[in-house]
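Report on one structure; see the data block that follows.
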Amino acid sequence: MSNQNITEFLEYYLGMPQSPEYAVMIDAPWGAGKTYFIRNFLEKYYENKDLKKERFLWVSLYGLSSIEEIEAAIFAQAHPVLSHKGMALAGKLLGETLKATLKVNLTDINIPEYLKDLQDVVLIFDDVERCSMDVNKLLGYLNHFVENQNHKMILIANEKEIEIKSEKYKQIKEKLIGKTFKYETSSVEDILSGFISKNFNGKPFIQPFYLNQMKLIVRLFNLSGYSNIRVLKQALWDFERLCGILDQKVLDHSELMVKLFEKFIVLFLEEKSSGYSIDKIFFNKSRLPQELMSRNEKENLSDEDKKLKKIDGKYQGVVDFGWSDSLLNKGVWLDIIQSNIINRDVINSSLKSSSYFPDENKAGWHRLRSYRLLTQDEFEQAFDLCLDEINKNKIFELGELQHYFGLFLFFSENGIRQDKAEAAMVQIESWIDQLAKQKRLPDISKWPSWWGEVWGDRDIKCNTHNRYSAFLDFVIDKIKEQEESMYPDQAAALLKYITNGDINTFAEKLKVIIPSGSNNHKKSILTYIDTEAFLEAFYQTPTKNRYPIISILEQCGAYWGKNKEFEYEKAWLQVLLEKTNEQKSKFQNQQHLIFLNRLEFVVKEIIEHWKS
């Protein structure tokens with residue numbers, strides 16, 4: 001429906017020479033678009049009419065809790081110059097605010113009396129149900145404008161919520177509200193067309209994309225069963241933000257973009273409107289496909305599975321919720337939808353690794369992972385390709401090596417080409433060892449918690465198997481060995497930062513390089529810094545930097561002293577204390593002695609307060 005009946009009646013109502021002494025209510029759930037509808041109607045209604053005499057005041061009642069606040073809001077609309085920022089016209093503070101700002105005495109102004117002088121004004125009150133006042137008191141107050149002041153009035157509300165708040169609402173309604181119209185949300189396409197034209201006009205990708213997908217947007221919104229169009233608008237804003245970081249190659253793939261958009265909209269609507277987290281509904285790894293469940297299992301579905309089944313039913317045939325082709329993995333989707341985090345590199349890499357870009361410089365694991373869809377000959381070819389890539393050390397990406405290990409473990413466990421699979425896993429570990437020696441393994445300290453379980457938007461096979469867990473431990477050990485092999489160079493760099501007076505970088509690098517608490521903490525970078533060389537660099541740095549260097553050591557030492565595994569740091573500080581004492585004799589009667597005394601005091605304090 002187009003809500004034409006509402007439009008026609010409002011034209012009749014506003015065109016009446018005198019108020020009929022009743023208000024008109026536009027009723028629909030919150031977020032359904034009724035506010036936009038009325039604003040759009042008024043804009044068109046007054047556009048081509050000689051109605052300069054008549055005007056309207058629009059007041060949102062959302063959060064207002066007293067008659068004084070409502071009157072202040074009306075006053076602000078009637079006199080925008082007097083109510084600009086810096087002149088907060090709120091309730092009982094109005095007179096004092098105006099007096100202080102305009103430096104005139106307004107103590108005699110009575111706002112209700114002033115409001116009586118508003119002539120030829122249509123009053124529009126939005127968010128009626130969200131007013132914090134008692135409903136009976138509110139409607140009685142609004143009735144004053146209609147019955148005693150002869151104002152025309154339009155109320156925009158969710159009538160169901162008002163009925164919940166007041167048992168006497170229907171009695172009061174008969175006195176104030178003469179006509180009630182149900183706003184039909186099926187006009188969502190008209191609302192979105194205006195929204196898109198206003199907010200995305202001229203944007204080269206997103207505007208034509210939204211216009212081309214208008215029927216899909218409306219269909220998904222209607223299938224969701226949620227009537228809050230404001231949430232849908234938020235989704236369109238957020239998807240535009242997501243598109244802003246996508247590579248042109250991804251944007252140019254129209255089929256991929258539509259699938260990404262479908263999943264984004266559904267996840268967004270369900271997260272914001274359903275009342276439960278998409279994490280539990282869409283991304284529960286323990287959930288079995290429906291076709292694999294026995295009848296008894298289906299009859300004993302958990303509450304979460306029942307919700308998923310309901311969602312499946314809503315979007316069946318439109319959006320695939322098998323998530324075998326989720327485009328982005330669980331962690332990335334949750335970051336986008338729940339945490340508003342958009343990782344450009346991860347998202348683009350995942351989308352380019354999807355099935356929409358087949359055979360484009362992809363490693364063999366992509367095809368082997370789809371073993372269920374392959375013929376025996378195709379499977380043999382894919383398996384041999386992966387063996388070749390591993391045996392010839394063609395794979396450098398750690399995430400891909402984890403996929404290979406998981407796949408070969410899976411096939412070995414299932415007795416498929418077991419000898420070859422076992423040999424491949426040994427070769428993978430050997431290659432990772434070589435990569436560590438070449439310092440080519442990545443720093444995983446800032447990787448997400450699900451590292452090792454997922455890579456390239458695909459779950460790694462057998463990622464809960466004990467042997468795979470042992471493999472991850474092996475990888476972590478190799479990364480730590482790689483880090484420690486880099487300590488001598490990093491230690492030399494730290495001394496250079498001190499000598500050159502680059503204290504900020506020294507502080508940053510020292511805090512980053514020193515490993516945080518870990519049961520596997522073996523050796524510190526400080527082991528590679530000669531204490532005499534440190535004191536020489538300390539002497540050569542500009543005088544203004546010496547106290548900051550001591551302060552940095554003090555901060556690090558306070559942290560080290562609370563963790564038992566930092567014994568290497570303690571030993572280094574003890575040697576530094578001895579060397580500082582020796583140095584003091586060399587600088588008698590010199591300014592540098594002041595700094596050495598301070599350094600000695602701080603280091604001694606750190607050691608004395610070290611946790612035993």
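Only a predicted model underlies this, so the values are computations on that prediction, with no experimental measurement involved.
Residues meeting the salt bridge (charged side-chain N to carboxylate O under 4.0 Å, His left out) test with Glu605, sequence neighbours left out: none. Partners of Asp530 by salt bridge (charged side-chain N to carboxylate O under 4.0 Å, His left out), not counting sequence neighbours: none found. In this view, Thr505 and Tyr497, Asp502, Lys509 satisfy the side-chain contact (heavy atoms from CB on, under 4.5 Å) rule, not counting sequence neighbours. Scanning for side-chain contact (heavy atoms from CB on, under 4.5 Å) contacts around Leu374 gives Arg367, Glu378, Phe379, Ala382, with sequence neighbours left out. Residues passing the side-chain hydrogen bond (donor to acceptor under 3.5 Å, both in side chains) test with Tyr547, sequence neighbours excluded: none. With sequence neighbours left out, Lys586 forms a salt bridge (charged side-chain N to carboxylate O under 4.0 Å, His left out) with no residue at all. Residues passing the salt bridge (charged side-chain N to carboxylate O under 4.0 Å, His left out) test with Lys584 are Glu600, sequence neighbours excluded. Judged as a side-chain contact (heavy atoms from CB on, under 4.5 Å), and not counting sequence neighbours, Ser469 has no contacts. Partners of Val426 according to the side-chain contact (heavy atoms from CB on, under 4.5 Å) rule, which considers only residues two or more places apart in sequence or in another chain, do not exist here.
Within the structure, the side chain to side chain donor-acceptor pair (under 3.5 Å) test picks out the following pairs touching residues 429-438 (sequence neighbours left out): Asp433-Lys437, Asp433-Lys478, Gln438-Arg440. The salt bridge (Lys or Arg N to Asp or Glu O under 4.0 Å) contacts involving residues 408-425 comprise Glu380-Arg417, Asp384-Arg417, Glu422-Arg467, where partners must be two or more places apart or lie in separate chains.
With salt bridges taken as basic N to acidic carboxylate O contacts below 4.0 Å, one links Lys394 and Asp388.
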List, one per line, each side-chain donor-acceptor pair under 3.5 Å for residues 237-245, sequence neighbours excluded.
{"unit_1": "Glu240", "atom_1": "OE2", "unit_2": "Lys203", "atom_2": "NZ", "d": "2.7"}
{"unit_1": "Arg241", "atom_1": "NH1", "unit_2": "Asn340", "atom_2": "O", "d": "3.3"}
{"unit_1": "Arg241", "atom_1": "NH2", "unit_2": "Asn340", "atom_2": "O", "d": "3.1"}

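For the pair Lys259 and Phe261, the cation-pi criterion (under 6.0 Å, within 45° of the ring axis) is not fulfilled.
Between Gly452 and Asn463 the shortest heavy-atom distance is O-CB, 4.1 Å.
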